[in-house]
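Below, read A as the first sequence line, B as the second, and so on, with proteins coming before strands; counting in each chain starts at 1.
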Protein chains: 2
Amino acid sequence: MSDIEAPLFAPIPRDDLPQRIARQLADAVTAGRLRPGERLSESAAAREMGVSRAPVREAARLLESAGLLVSRPNRGFFVRSVSATDLDAVYELRICIEAEAAARLARTGAASALPRLAAQIERMRALADAGAHVEQVDADLAFHRALCAACGNARLLGVFDQIVWEMRLGLVLIGRLYDDAHLIAETHLPVLAALRAGDPAAAAAAIRFHIGAAREAVVDRFRALEGTTA
Amino acid sequence: MSDIEAPLFAPIPRDDLPQRIARQLADAVTAGRLRPGERLSESAAAREMGVSRAPVREAARLLESAGLLVSRPNRGFFVRSVSATDLDAVYELRICIEAEAAARLARTGAASALPRLAAQIERMRALADAGAHVEQVDADLAFHRALCAACGNARLLGVFDQIVWEMRLGLVLIGRLYDDAHLIAETHLPVLAALRAGDPAAAAAAIRFHIGAAREAVVDRFRALEGTTA
DNA sequence: CGCCTGTCGGCTGTCGACACTTTGACGCTT
DNA sequence: AAGCGTCAAAGTGTCGACAGCCGACAGGCG
């Protein structure tokens, strides 16, 4: 894939306390134990995990860079609370990022990336059958992440990784993603077809259409959700 | 502007030690005392500034989020070293970000933002006359940042802020930006004209052309620079 | 009864200290 | 002479502790 010299050995997984803590924190959010807008007490978290506050702080900074947390001076970290307006902005950003990624990928030849992309669609189908909507969200995002990863521009992937948490938060908050969970898997197919054909313009148009449709559906549903709770 | 009740008092500028430290560190980089690829010893910095390592660490994390520093486990922080490939990727990202921003701005009406944009172009002209190329780079980036800020999508601005340091590093490394410093100011004008006309497609095309031209010139020059030093 | 003020608990921001890792240099072996 | 093992210095990762700040609650005044 990339032309790095020799992947002879994998790096040893160092202890990396902050990263393990960050994973726990993120899991707490996905599991619903920490809800959007809620405060994350670093002292309490440190106490419960049996570590000092320093690595917890480091982990929180990591998750802040990832977009899951936001920090307020002298008040600590809060789980990012997503609004419909935020989600709409994120979708717009995704559209222009991923359209570029798709065009690039189609231009440079997507052969090596196609299997992975197709696999994620297949996974989405299976998870839709199983009715596992949270995992389906993961598969959906994994497809789009793979697209950004394969396009050859590392910065595009970096941007995607920075908004992926916000997407996740929004999508799991909605609950069931679409009225028809199976439809979402199928709407990825035109993108794949355009990539396979090596047509940059078609690939960009396909992803624009795909994300645009999702944007409309998700933001509408989210607005309705906000109307009931707020 | 906003319909908040009473702006009687301005908020007191809290000490915010990390931010002041971050500014010093950033200044050290722009002044050339810390060069790309060089290591930033947080203990030494803390000693020299007369503070503990904790706020220095915090400041470094801030600058890492801003893209100025990168951290390596157990080895601390390093000033980001930009390559021609990196710069090319950043330019590509900028093109799709700013094209979207320009189109949005043209669509929603750019009247309120036009004076600020025009002012930056004027500043570029003046600084080109004065031969102050570092400040001209700042004015150039300020123009593009204002574009992203005015478009109404906060995430676009966030992405721009994350790559602006890499741009700065690359541009100041080149030294003289173009063969003709005056030309760069003028090439911004078509963007402004399209915005004033309220033509989204033209605005996007103008910014694509403008950044694309800069991309080619800068990356070529940077490649030549790399060939001589590496 | 409602608003403001004083107090209190908890928390973050910052600090100095210690252990482990990294790194560069020196000396030894082949 | 080149390479490996050892060692010391420097620096980061982590820890516990203290000061200042924030939010909440109770009490006083209009």
Side-chain angles (χ1 to χ4, degrees), chain A residues 8-26 28-29 33-66 68-81, chain B residues 5-6 8-26 28-29 33-66 68-81:
Chain A
L8 235 66
F9 293 104
I12 299 284
R14 195 159 300 293
D15 271 59
D16 213 344
L17 202 46
Q19 191 147 353
R20 278 192 292 169
I21 294 175
R23 177 156 304 188
Q24 276 219 31
L25 296 179
V29 173
R33 294 198 304 277
L34 269 177
R35 282 193 285 184
E38 206 166 337
R39 178 186 199 156
L40 165 66
S41 166
E42 58 181 66
S43 3
R47 266 197 305 274
E48 295 177 22
M49 297 188 194
V51 295
S52 168
R53 275 173 46 215
V56 175
R57 215 178 165 71
E58 214 73 11
R61 286 273 173 243
L62 248 61
L63 294 179
E64 188 188 21
S65 297
L68 177 59
L69 300 179
V70 293
S71 79
R72 290 202 283 171
N74 286 318
R75 239 170 301 179
F77 293 89
F78 294 76
V79 179
R80 158 165 257 145
S81 60
Chain B
E5 38 185 46
L8 235 68
F9 294 103
I12 298 284
R14 198 156 297 293
D15 270 51
D16 213 346
L17 200 46
Q19 192 148 353
R20 279 192 292 170
I21 295 175
R23 177 158 301 190
Q24 275 220 34
L25 296 177
V29 173
R33 296 197 303 278
L34 268 177
R35 281 192 286 186
E38 206 166 337
R39 178 187 199 155
L40 164 66
S41 168
E42 58 181 66
S43 3
R47 265 196 307 273
E48 294 177 23
M49 297 189 194
V51 296
S52 167
R53 276 173 47 217
V56 174
R57 215 179 165 71
E58 212 74 10
R61 286 271 173 247
L62 246 63
L63 294 178
E64 188 188 21
S65 297
L68 177 61
L69 300 178
V70 294
S71 78
R72 291 201 284 170
N74 286 318
R75 241 168 301 178
F77 293 89
F78 294 76
V79 180
R80 159 166 255 146
S81 60

Rounded to the nearest 0.5 Å, what separates atom [atom1] in [X] from atom [atom2] in [Y]?
X	Y	atom1	atom2	result
B/Leu62	A/Arg61	CG	CZ	6.5 Å
B/Leu25	B/Leu69	CG	CG	7.0 Å
A/Glu64	A/Phe77	CD	CZ	5.5 Å

Inset, instruction - Let me have a per-nucleotide readout for nucleotides 11-16 of chain C, 5' to 3', with B, S or -, counting only protein heavy atoms under 4.0 Å. - result: SBBSB-
Legend entry - Sidechain-backbone polar pair: B/Arg39 side chain, B/Arg75 backbone, donor-acceptor under 3.5 Å: yes
Legend entry - salt bridge (Lys or Arg N to Asp or Glu O under 4.0 Å) pairs, two or more places apart, involving residues 43-54 of chain B: B/Glu42-B/Arg53
